[in-house]
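In what follows, a structure is listed as structure tokens, so that the remarks can point back to it.
The figures here come from the full heavy-atom set of this structure, side chains too, leaving out hydrogens, waters and symmetry mates.
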Amino acid sequence: MTGSLFKANFWSTDILSTVGYDSIIQHLNNGRKNCKEFEEFLKERASIEEKYGKDLLSLSRKKPCGQSEINTLKRALEVFKQQVDNVAQCHIQLAHTLREEARKMEEFREKQKLQRKKTETIMDAAHKQKNSQFKKTMDAKKNYEQKCRDKDEAEQAVHRSANVANPRQQEKLFVKLATSKTAVEDSDKSYMLHINMLEKIREDWQSEHVKACEVFEAQECERINFFRNALWLHVNQLSQQCVTNDEMYEQVRKSLEMCSIEKDIQYFVNQRKTGQTPPAPIMYENFYSPQRNAAPLGKTTGPSVARRGPLPVPKSLPDDPDYSLVEDYTLLYQ
């Protein structure tokens, strides 16, 4: 606590002035406004966190991310998607937490508002009573002063008429003087009565002002402490969010450390291999060669097979009359 700074520093020599009280009230109103602004800030931040969490959740669950990967890298990607999902959930949870903190700030503001209302009501009544009594006192003072002037004028008239022979005129002046003296006494009593009442009201107002200063100073200390703690808690929550996110991402890093390039390559080979024998070379084939390979181009075959068998050897020798050469034939009819 800071002591009694408010009640020692917010006075004015003008009895009608409320400048000190008004200055305190303005400061308290600004403090309440600041709390309201922080409350709105928390709500806006909560909306941002919630939207980010939902968008991240949608991204994690709907957007493909390496879905055709295999083996160890596939497992790492599954961990990655799961941890992104977890991070999204954390941001959504943080949004709920921030809204709860905003609600607490609102409750605190309303509680202080009600507490202040009681004191402000008392002070408003004290100010009105003080001002009203001050006006009555000043009116009584003016009346008293006027009666005094009337008495002085009556006395001067009596002195001026001392040598006047008209007794009736002097009698009237003495009656007027007596009446004015009575009026002065009555107005003096009324004036003193109002002065006493004003002093009592002033003392009551001063006492209430001191009480109000103490209440308002205690409230302001409480508000500053509450606001400070709320802000401290807020940044702690944000820091914890970062720590939690990093712990989740650490799980991804650990899964990536388990990723093996050699194992993934070997896994692919084992799952998708098509054979270990490459195609044979394509050989040149002479069309007239008896050893010509009849296999279609680009296909591997067994032993080379001739396109057709060897020509038959004639049973007759060339000198045999049954054996004829090509040149012995003619297409002309003889």
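- Using modelled atom types and a 3.5 Å distance limit, the side chains of Q240 and N236 yield no donor-acceptor pair.
- Between W11 and W205, the ring planes are perpendicular. Angles over 60° get that label, and only those under 30° would be called parallel.
- Applying the salt bridge (Lys or Arg N to Asp or Glu O under 4.0 Å) definition to pairs two or more places apart or across chains, those involving residues 190-204 are E199-R202, K200-D204.
- Take D246 and apply the side-chain hydrogen bond (donor to acceptor under 3.5 Å, both in side chains) test, not counting sequence neighbours, and it matches R253.
- In this structure D188 satisfies the salt bridge (Lys or Arg N to Asp or Glu O under 4.0 Å) test with no other residue, sequence neighbours excluded.
- For E214, the side-chain hydrogen bond (donor to acceptor under 3.5 Å, both in side chains) criterion is met by K7, not counting sequence neighbours.
- In terms of the side-chain hydrogen bond (donor to acceptor under 3.5 Å, both in side chains) criterion, residue partners of T18 (sequence neighbours excluded) are, by chain and number, D22.
- Not counting sequence neighbours, the partners of K36 by the salt bridge (Lys or Arg N to Asp or Glu O under 4.0 Å) test are E39, E40.
- Judged by distance alone, the side chains of H91 and E50 never bring a donor and an acceptor atom under 3.5 Å apart.
- Atom CG of L114 sits in a crowded spot, with more than 12 heavy atoms from other residues, nucleotides or ligands closer than 6.0 Å.
- Listed by first and then second residue, the salt bridge (Lys or Arg N to Asp or Glu O under 4.0 Å) pairs involving residues 62-78 amount to none (not counting sequence neighbours).
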Compile the donor-acceptor pairs under 3.5 Å between side chains in residues 189-196 and protein atoms, sequence neighbours left out, one pair per line.
unit_1	atom_1	unit_2	atom_2	d
H194	ND1	S190	O	2.8
N196	ND2	M192	O	3.2

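- If you chain together ILVMFWY residues whose side-chain heavy atoms come under 4.5 Å of each other, F134 ends up grouped with I15, L16, M138, L198.
- Residues that satisfy the side-chain hydrogen bond (donor to acceptor under 3.5 Å, both in side chains) test with K104, not counting sequence neighbours, are absent from this structure.
- Residues forming a side chain to side chain contact (heavy atoms under 4.5 Å, CB included) with S47 (at least two apart in sequence, or on another chain): R99.
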Would you mind writing out the side-chain donor-acceptor pairs for residues 264-272 within the sub-3.5 Å range, not counting sequence neighbours?
unit_1	atom_1	unit_2	atom_2	d
D264	OD1	N71	ND2	3.2
D264	OD1	T72	N	2.9
D264	OD1	T72	OG1	2.5
D264	OD2	T72	OG1	3.1
D264	OD2	L73	N	3.2
Q266	NE2	N270	OD1	2.9
N270	ND2	Q266	O	3.3

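- Atom CG of N34 and atom CE of M105 lie 10.0 Å apart (nearest 0.5 Å).
- Electrostatic pairing of R32 and E110 counts as a salt bridge here, judged by a charged N lying under 4.0 Å from a carboxylate O.
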